[in-house]
Amino acid sequence: MSDLTSDLEGKTRYDPAEVEPRIMRRWLDSGLFHPEPAGTPDENYSIAIPPPNVTGVLHMGHALNNSIQDCLVRYHRMRGQRTKWIFGTDHAGIATQTQVERALEQEGLSREEIGREEFVARVWEWREQYGDAIVEQLKRLGASCDFEDERFTLDEAYAEAVLEVFVALYNKGLIYRDRYMVNWDPGSRSAISDLEVEDREVTDTLYYLDYPLASGSGAITVATVRPETMLADTAIAVHPEDERYRRLIGETAILPLVGRKLKIIADEYVKPDFGTGALKITPGHDPNDFEIGRRHGLQQLSAIGEDGRMTAEAGQFEGMTVAEARRAVVHELREQGLVAHAEEYPHTVPFSHRSGERIEPLVSLQWFMRMDELAKPAIDAVKDGRVKFAPERFAKVYLDWMENIRPWCVSRQLWWGHRLPVWYRGKETYVGTEPPRGEGWEQDPDVLDTWFSSALWPFATLGWPKDTPALRSFYPTDAVITGRDIIFLWVARMIMMGLEFREQIPFADVHITSIIQAPDGRRMSKSLGTGIDPLNLIDGGPRPPVFPQGGDFPAYGADAVRWGLLAMSSGQDVRFSEEKVGQGQQLTNKLWNAARLILLGVDAGTSPGAVTPSKIEDRWIISRLARAKAEVRARIERYDFSHAALALYDFIYGELCDWYLELVKPRLRDHDRDAQLTLLHVLVETISLAHPIIPFVTEEIYAHIPGVEGLLAAGTESLPERIDEEAEAALARTIAAVQAIRGWRAVSEVKAAAIVPARLAAGGYEETAAQIERLARLAFSAGAEAPVASVPVPGGAIEILPTDELDPGAAEEKRADQRAKLQAEIERAQAKLANEGFVSKAPAQVVQAEREKLARLHEELESL
RNA sequence: GGGCGCGUAGCUCAGUGGGAGAGCGCUCGCUUCACACGCGAGAGGUCGCUGGUUCGAGCCCAGCCGUGCCCACCA
């Protein structure tokens with residue numbers, strides 16, 4: 001006790017750097033974050049973390065997302081629910097493979113040179129070496145994940161789940177192999193899914209090329225931005241109704257440079273008013289042409305290979321890169337006078353989200369997953385409310401996508417990932433969780449899209465396909481917290497897989513978080529200099545270039561960062577605001593000092609216990625606390641974290657510290673037992689309420705509360721509290737009166753320290769008059785002398801009696817000001833009440849309130 | 001082309017039908033024995049524009065302007 005006391009006395013500032021590592025250690029050692037499976041998912045609470053990339057580092061999105069999850073998890077844990085925050089990391093196929101490839105490059109090696117086995121071994125090594133970084137960073141934030149039960153999407157047990165799912169869906173006919181047009185990413189030399197493609201605006205050249213007619217009578221002109229693909233053209237299409245070309249349908253044109261005969265076909269797809277109205281058809285290199293080709297049974301030729309170079313099909317251009325081939329083809333065509341026209345043409349083209357390279361649409365043999373059948377129950381689950389989105393509007397985004405869902409290309413030409421459980425022998429194909437028996441089988445070299453394994457996250461982490469206790473206790477989970485950018489990539493697929501393999505939704509709530517933008521409104525990005533490292537906010541570190549003031553962040557501490565991020569968040573995107581983090585820091589410091597006042601003030605041997613508030617301010621703070629608790633809890637349960645954070649701030653600052661602590665100070669000095677018990681009660685309840693949002697400072701304060709043991713994070717027993725309307729009204733009047741006097745003093749230029757004689761000419765202050773005297777620095781007397789000023793307060797006025805301390809001129813000025821304001825308000829109210837429409841049509845309650853207001857204003861004016 | 005947001009104090013944002021709010025910044029006053037990362041008091045908004053509904057509109061409706069994001073196969 002004495003150690004703790006001296007500890008408190010010296011620390012007038014809360015020091016997160018000293019406290020946080022110590023507290024985190026205690027939490028981790030306690031085993032509180034690691035629940036043993038028991039009970040049912042209904043009574044338990046669980047959230048599966050969106051698994052961070054194993055080689056990733058914490059960014060602002062993680063910081064917000066995990067602050068939210070930790071708030072929810074701590075909130076439910078404290079309420080006594082068996083709570084598991086399912087934890088683990090993602091192998092992140094392309095991202096991780098790319099990092100290791102870069103490292104190899106430094107050594108002058110390539111993955112091909114060292115071979116698949118060696119390469120995969122290297123990635124595992126890499127993971128051993130760097131895979132802990134993000135875990136450690138999450139701990140700095142105070143995340144109460146079940147770190148003792150860490151999963152990895154490539155672990156043996158997890159792989160079992162992945163193979164099981166693949167084989168089951170294959171046997172169901174939903175997974176199949178097909179030669180189809182895919183998004184080829186030359187950067188990662190792999191196919192990628194539609195969702196990993198982003199459109200960017202670029203300016204290309206639109207070439208108008210003349211294709212001579214076989215009849216010799218002129219040429220047909222086509223427009224293209226990709227002249228090099230002409231080498232794989234197999235037809236020309238026009239609109240069937242297009243009068244200009246009608247007579248040419250069925251004719252033949254000769255493909256320049258190649259000499260192939262191209263049939264001129266009719267297809268409704270062609271827009272007569274675009275370009276020349278004649279479209280060259282390249283089924284091998286354009287998604288639309290691919291479809292047209294299928295409709296018309298056209299040949300698919302590949303002039304561009306998977307290495308991004310021209311194939312033998314390209315003849316003289318073989319071996320060139322696409323860009324080289326484009327220049328060469330255009331040059332040749334120009335020589336032959338076949339380029340009729342060329343113009344700049346801005347349009348959107350697909351790029352790889354991963355590598356940033358321009359997508360090369362190619363026809364390729366890949367594995368696909370048919371989604372429509374899986375989507376149906378997942379659509380129903382959202383439509384009938386078993387899965388709820390917050391904010392609600394994202395349900396529509398989800399449904400729109402799901403209702404138009406297309407097959408998913410799940411194979412990737414990478415080495416890092418779950419290798420397809422598929423073997424070939426000649427024309428035979430074998431799919432199974434175990435390799436086939438017999439000689440001569442060769443396993444498919446491809447791996448699965450990372451999101452394939454992520455889709456199983458909520459149940460594969462709990463041990464599925466085995467029927468484990470963890471699965472029985474924690475699936476379905478309660479919520480998933482994520483950004484809207486992965487609604488399709490992850491959320492939708494988890495819902496589909498959960499319903500397919502567990503016949504249950506994976507989570508009841510989907511909370512879509514804000515995306516935090518840089519302070520200037522741009523996207524947060526390392527390369528733009530707009531990314532903010534959350535650890536630099538916690539520890540103090542350099543401000544990124546997007547902050548013009550430069551310098552270092554102060555060491556705000558994790559609580560401040562958490563509070564700030566929650567306060568910033570809302571249903572929409574928000575700009576990062578360092579001020580909000582600063583506000584969070586002020587709050588932690590304020591709370592710390594409030595705790596010091598209380599803990600250094602109570603008598604030795606006094607510990608929290610039953611409270612029977614006698615004084616009106618005690619009843620008031622307990623009533624206000626009850627309201628704050630209801631408010632904060634309701635906000636957290638509605639995923640409205642900014643209002644939860646702000647409501648907490650308002651209570652701690654605006655009620656507890658600004659008023660209650662000031663009101664109770666004299667009694668604390670007098671060793672008033674009721675005051676001490678009320679203070680301890682309110683302190684424990686307040687830190688308990690605040691803990692899910694600012695866990696470190698509250699846990700640290702809890703450790704100093706006399707007579708309590710254990711961790712605040714484990715929850716505290718809560719005593720019943722009641723709303724006390726009478727006390728709230730009395731204190732509301734008192735606060736208003738004190739503020740009115742302070743305002744009057746400021747404009748009257750009374751010395752701040754002066755005690756001013758006054759007379760209380762108002763009712764309703766029977767229990768608080770002495771408090772008003774102290775807080776407003778007045779000395780009430782019952783004298784009969786004429787007042788020099790009268791300050792309106794609820795229920796009457798406080799009259800200022802003559803004294804040397806005040807300047808009568810200033811006081812009169814103030815009074816005139818107030819009279820004018822009151823007069824204006826009276827006129828407003830009178831006009832409103834004189835309005836026939838208002839009196840007859842507005843609710844009686846509203847009219848009555850207006851009448852009472854007018855009467856009050858008149859009273860106040862008279863008292864001046 | 002379709003869809004979804006946003007536009008309120010210098011800045012970042014609350015506020016969904018009955019007297020315009022918070023934090024930061026700014027001004028003034030306080031070394032008041034928890035906190036100067038403090039305390040007290042203030043200044044500062046034709047609530048993007050136009051029209052409509054209503055007794056009453058920041059809030060509901062329509063149009064417009066500005067701005068951001070998502071989806072989409074016009075070469």
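Chain letters run A, B, ... following the sequence lines, proteins first and then strands; every chain starts at 1.
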Classify [X] by what it touches in the nucleic acid, base, sugar-phosphate, or nothing, heavy-atom distance under 4.0 Å.
X: A:V574; result: sugar-phosphate
X: A:Y269; result: base
X: A:T588; result: nothing
X: A:E850; result: nothing
X: A:V225; result: sugar-phosphate
X: A:P843; result: base

The side chain of [X] is closest to which nucleotide in this list: [options]?
X: A:K853; options: B:G18, B:G19, B:A14; value: B:G19
X: A:R742; options: B:U32, B:G40, B:A75; value: B:G40
X: A:A752; options: B:G23, B:C30, B:G3; value: B:C30
X: A:L279; options: B:A75, B:A41, B:U12; value: B:A75
X: A:Q572; options: B:G15, B:G18, B:C6; value: B:C6
X: A:A223; options: B:G23, B:C24, B:A75; value: B:A75
X: A:F274; options: B:C74, B:G23, B:C30; value: B:C74

Using a cut-off of strictly less than 4.0 Å, decide whether [X] has a side-chain nitrogen or oxygen near OP1 or OP2 of [N].
X: A:H347; N: B:C74; answer: no
X: A:K271; N: B:C74; answer: no
X: A:T276; N: B:A75; answer: no
X: A:R575; N: B:U12; answer: yes
X: A:R406; N: B:C73; answer: yes

What's the [atom1]-[atom2] distance between [X] and [N], to the nearest Å?
X: A:F488; N: B:A72; atom1: CZ; atom2: C1'; result: 12 Å
X: A:L566; N: B:A22; atom1: CG; atom2: P; result: 22 Å
X: A:E579; N: B:U12; atom1: CD; atom2: P; result: 10 Å
X: A:W563; N: B:C13; atom1: CH2; atom2: C1'; result: 11 Å
X: A:I512; N: B:C70; atom1: CD1; atom2: P; result: 14 Å
X: A:Q848; N: B:C55; atom1: CD; atom2: P; result: 22 Å
X: A:R777; N: B:A41; atom1: CZ; atom2: P; result: 13 Å
X: A:Q739; N: B:C39; atom1: CD; atom2: C1'; result: 13 Å

Hunt down the Watson-Crick or G-U wobble partner of [N], both distances under 3.5 Å, from any strand shown, or write none.
N: B:G1; value: B:C71
N: B:G40; value: B:C28
N: B:C6; value: B:G66
N: B:C60; value: B:G52
N: B:A14; value: none

Residues A:L679 and A:L668: closest non-hydrogen pair is CD1-CD1, 3.5 Å
From the list A:D289, A:T229, A:D286, A:T234, side chain to side chain donor-acceptor pair (under 3.5 Å) with A:K280 holds only for A:T229
Once you measure the plane-to-plane angle for [X] and [Y], does it fall in the parallel (<30°), tilted (30-60°) or perpendicular (>60°) bin?
X: A:F488; Y: A:W401; result: parallel
X: A:W592; Y: A:H704; result: perpendicular
X: A:Y398; Y: A:F389; result: tilted
X: A:F290; Y: A:Y180; result: perpendicular
X: A:Y653; Y: A:Y649; result: parallel

Taking atom [atom1] in both [N] and [M], compute the distance separating them and give it to the nearest angstrom.
N: B:C70; M: B:A36; atom1: C1'; value: 48 Å
N: B:G18; M: B:C59; atom1: C1'; value: 11 Å
N: B:G7; M: B:C13; atom1: P; value: 10 Å
N: B:G45; M: B:C39; atom1: P; value: 27 Å
N: B:C24; M: B:G40; atom1: P; value: 12 Å
N: B:G5; M: B:A62; atom1: P; value: 13 Å
N: B:G63; M: B:G21; atom1: C1'; value: 30 Å
N: B:G68; M: B:C61; atom1: P; value: 24 Å

Salt bridge (Lys or Arg N to Asp or Glu O under 4.0 Å) contacts touching residues 566-577 of chain A (sequence neighbours left out): A:R484-A:D573
May I ask you to check whether A:H353 and A:E198 show a side-chain donor-acceptor distance below 3.5 Å? yes
Could you walk me through whether A:T588 and A:Q585 satisfy the side-chain hydrogen bond (donor to acceptor under 3.5 Å, both in side chains) test, starting with their C-alpha distance in whole Å, then the side-chain angles of each, then the deciding distance to 0.1 Å, before giving a yes or no? CA-CA 5 Å; A:T588 56; A:Q585 184 195 27; over 6 Å; no
Need to verify one output field. Residue with the more 5' nearest nucleotide on RNA chain B, A:K396 or A:D194? A:K396
Could a donor-acceptor pair under 3.5 angstrom be found where the side chain of A:K580 meets the base of B:G23? no
Quick one: is the NZ or CZ of A:K271 closer than 6.0 Å to the six-membered ring centre of A:Y269, and within 45° of its axis? yes
Under 3.5 Å between N/O atoms: give me all the protein pairs with nucleotides 34-37 of chain B, atom names plus distance.
{"from": "B:A34", "atom 1": "O2'", "to": "A:N593", "atom 2": "OD1", "distance (Å)": "2.7"}
{"from": "B:A34", "atom 1": "O2'", "to": "A:R596", "atom 2": "NH1", "distance (Å)": "2.6"}
{"from": "B:A34", "atom 1": "N7", "to": "A:K665", "atom 2": "NZ", "distance (Å)": "3.2"}
{"from": "B:A34", "atom 1": "N6", "to": "A:C657", "atom 2": "O", "distance (Å)": "3.4"}
{"from": "B:A34", "atom 1": "N6", "to": "A:E662", "atom 2": "OE2", "distance (Å)": "3.1"}
{"from": "B:A34", "atom 1": "N3", "to": "A:N593", "atom 2": "O", "distance (Å)": "3.2"}
{"from": "B:A34", "atom 1": "N3", "to": "A:A594", "atom 2": "N", "distance (Å)": "3.3"}
{"from": "B:C35", "atom 1": "O4'", "to": "A:N593", "atom 2": "OD1", "distance (Å)": "3.0"}
{"from": "B:C35", "atom 1": "O4'", "to": "A:N593", "atom 2": "ND2", "distance (Å)": "3.4"}
{"from": "B:C35", "atom 1": "O2'", "to": "A:N589", "atom 2": "ND2", "distance (Å)": "3.2"}
{"from": "B:C35", "atom 1": "O2", "to": "A:K590", "atom 2": "NZ", "distance (Å)": "3.3"}
{"from": "B:C35", "atom 1": "N3", "to": "A:K590", "atom 2": "NZ", "distance (Å)": "2.9"}
{"from": "B:C37", "atom 1": "OP1", "to": "A:R13", "atom 2": "NH2", "distance (Å)": "2.4"}
{"from": "B:C37", "atom 1": "N4", "to": "A:R13", "atom 2": "NE", "distance (Å)": "3.3"}
{"from": "B:C37", "atom 1": "N4", "to": "A:R13", "atom 2": "NH1", "distance (Å)": "2.9"}

